[in-house]
Number of protein chains: 2
Amino acid sequence: MAASSPSRRRPGRRPGPTETRAAILTAARDLFAEKGYDGASIRAIARAADVDPALVHHFFGAKEALFVAAMEFPVNPAKVLPYVLGGPRESTGRRMAQTFLREWGRPEARGPLIGLLRSAMTNEQAAEMLRQFVSAAILSRVGDRFDVPLVRIEAAAAQMIGVAILRYVLRVEPIASVSEEELVELLAPTLQRYFDGT
Amino acid sequence: MAASSPSRRRPGRRPGPTETRAAILTAARDLFAEKGYDGASIRAIARAADVDPALVHHFFGAKEALFVAAMEFPVNPAKVLPYVLGGPRESTGRRMAQTFLREWGRPEARGPLIGLLRSAMTNEQAAEMLRQFVSAAILSRVGDRFDVPLVRIEAAAAQMIGVAILRYVLRVEPIASVSEEELVELLAPTLQRYFDGT
DNA sequence: GACAGAACTCAACATATGTTGAATTTATGC
DNA sequence: GCATAAATTCAACATATGTTGAGTTCTGTC
């Protein structure tokens, strides 16, 4: 799936259609997810994509731009929020837990999500990206849909972020292996209570 | 409070009692808290303590040992758990929220706690330290006190970790500025429900 | 007051990092 | 088929990292 040979290739364009750009993006997603922004070096990404580090630069410019390109937020709020906010109000907590876990379950979404979360803990730019997204795309919309103090919505967000960390980043058992359904049962009432304002 | 001059000092022991060891530990706590394990370099720590990098090595050995020394877990479960687990069962959630926020509020505890949390996201050793502590010192004791499935206790832990991240690491408003009391009101029922098994 | 050991700095090594500019090979448009 | 543009590598720069060994100055003990 990736590089295995130390790969001494001669310079110049490779024959056939260009597939290196995609390879770099994939490698970047993997490594940012695994090591976070600062831990994933351009050189390691290039190595994983079987490519010279300078090529990464050629395609994406500085490291920061690569990160933005690779972590482009993999969840589209416009597609997801209507379902969550649309149904009956008394089951919003459940739909939110479902949706959250389903999105994290998608393999092509999980890499960027973990990468973003990991990086946000040590890198101010990544933290800002995450804040921006979470606050603009989610908190505000949910907030004025429900007319509930923002702290309560953030408490709900905290519950989900905490679960994501234990389940997907730290991989603490048993919460890392429990089924999505079981987790939904557990979390739905918590979220619902925050939205209900009780 | 720390170094300001580029400090060209001549070699050899400084006169007076030795205070550099403590200065290094303080600088290490600050920098590990701010940047995480990988982001905080020994050289930067030495600079902040106004000391040669080699002296850090002289006192603490490898970087990992410095980390362990600096992040020595600042919360003593033996002193804290009796209060949480001791009182009436129906208010355990509240005592747990109180205790958690009080410990994070202590200035001398917050640095190590943030450092540990930050580092655990990108560094496997730090992650193991955190897992060890949380699981051995807390989860298990709470678990067999209450005879409740471990997932539920981990869900409670997730709620608190999430709050810590939003409040102390990412500093998202308004949850970062809300009073401890208000947060306790918000979190206590959530935690209580997990312990009650309902 | 000599002397061992502790505190402390200097200089260096080996390695890693992001980034750049030039050189080389292929693809593409005419 | 030729010229231009794109893809790709190489070599290098400037800087940063953890760690080591040797040397210098002080403190404490007899």
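Chain letters run A, B, ... following the sequence lines, proteins first and then strands; every chain starts at 1. Small disclaimer: the values here were computed from a predicted structure and weren't measured.
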* Any side-chain hydrogen bond (donor to acceptor under 3.5 Å, both in side chains) pairs touching residues 156-165 of chain B, not counting sequence neighbours? -> A:Y194-B:Q159
* Atom CG of B:N123 and atom P of D:dG18: how far apart are they, to the nearest Å? -> 12 Å
* State whether A:R9 and A:D52 are salt-bridged, where the test is any N-O pair (Lys NZ or Arg NE/NH1/NH2 against Asp/Glu carboxylate O) under 4.0 Å. => no
* Length of the CG-P vector between B:D50 and C:dT9, whole Å -> 8 Å
Show every donor-acceptor pair shorter than 3.5 Å between a side-chain atom in residues 31-45 of chain B and any protein atom, with sequence neighbours excluded, or say none if there are none.
{"unit_1": "B:Y37", "atom_1": "OH", "unit_2": "B:E64", "atom_2": "N", "d": "3.3"}
{"unit_1": "B:D38", "atom_1": "OD1", "unit_2": "B:N123", "atom_2": "ND2", "d": "3.4"}
{"unit_1": "B:S41", "atom_1": "OG", "unit_2": "B:A44", "atom_2": "N", "d": "2.9"}

* Asked: Taking only side-chain nitrogens and oxygens of B:H57, does any of them come within less than 4.0 Å of OP1 or OP2 of D:dT20?
  -> yes
* Asked: Thinking salt bridges, do B:E185 and B:R94 make one under a 4.0 Å N-O criterion?
  -> yes
* Asked: Within this structure, what is the CG-to-C1' distance between A:D38 and C:dG18, rounded to whole angstrom?
  -> 12 Å
* Asked: Does B:S41 make a side-chain N or O approach to OP1 or OP2 of D:dA16 shorter than 4.0 Å?
  -> no
* Asked: For every nucleotide of nucleotides 25-30 of chain C, 5' to 3': is a protein heavy atom under 4.0 Å from its base (B), only from its sugar-phosphate (S), or from neither (-)?
  -> BBS---
* Nearest-angstrom distance from the residue atom NZ of A:K63 to P of C:dT20 -> 15 Å
* If each of B:P53 and A:R43 is mapped to the nucleotide of DNA chain D with the nearest heavy atom, which maps nearer the 5' terminus, i.e. the 5' end? -> A:R43
* Tell me: CZ of B:F59 to P of C:dA6, nearest whole Å? -> 11 Å
* To do: Round to the nearest Å and state the distance from B:L55 atom CG to D:dT20 atom C1'.
  => 14 Å
* Asked: So how far is it from A:E154 CD to B:L183 CG, rounded to the nearest 0.5 Å?
  -> 10.0 Å
* Under 4.0 angstrom, heavy atoms only, what part of the nucleic acid is A:I42 near: base, sugar-phosphate, or nothing? -> sugar-phosphate
* Asked: Side-chain donor-acceptor pair under 3.5 Å between A:S91 and A:R95, yes or no?
  -> yes
* **Separation of D:dG21 P from B:D52 CG (nearest whole Å)** => 16 Å
* Integer-rounded Å distance: C:dT17 P and A:R47 CZ -> 6 Å
* Would you mind checking if A:E124 and A:R131 are paired as a salt bridge, meaning a charged N to carboxylate O distance below 4.0 Å? => yes
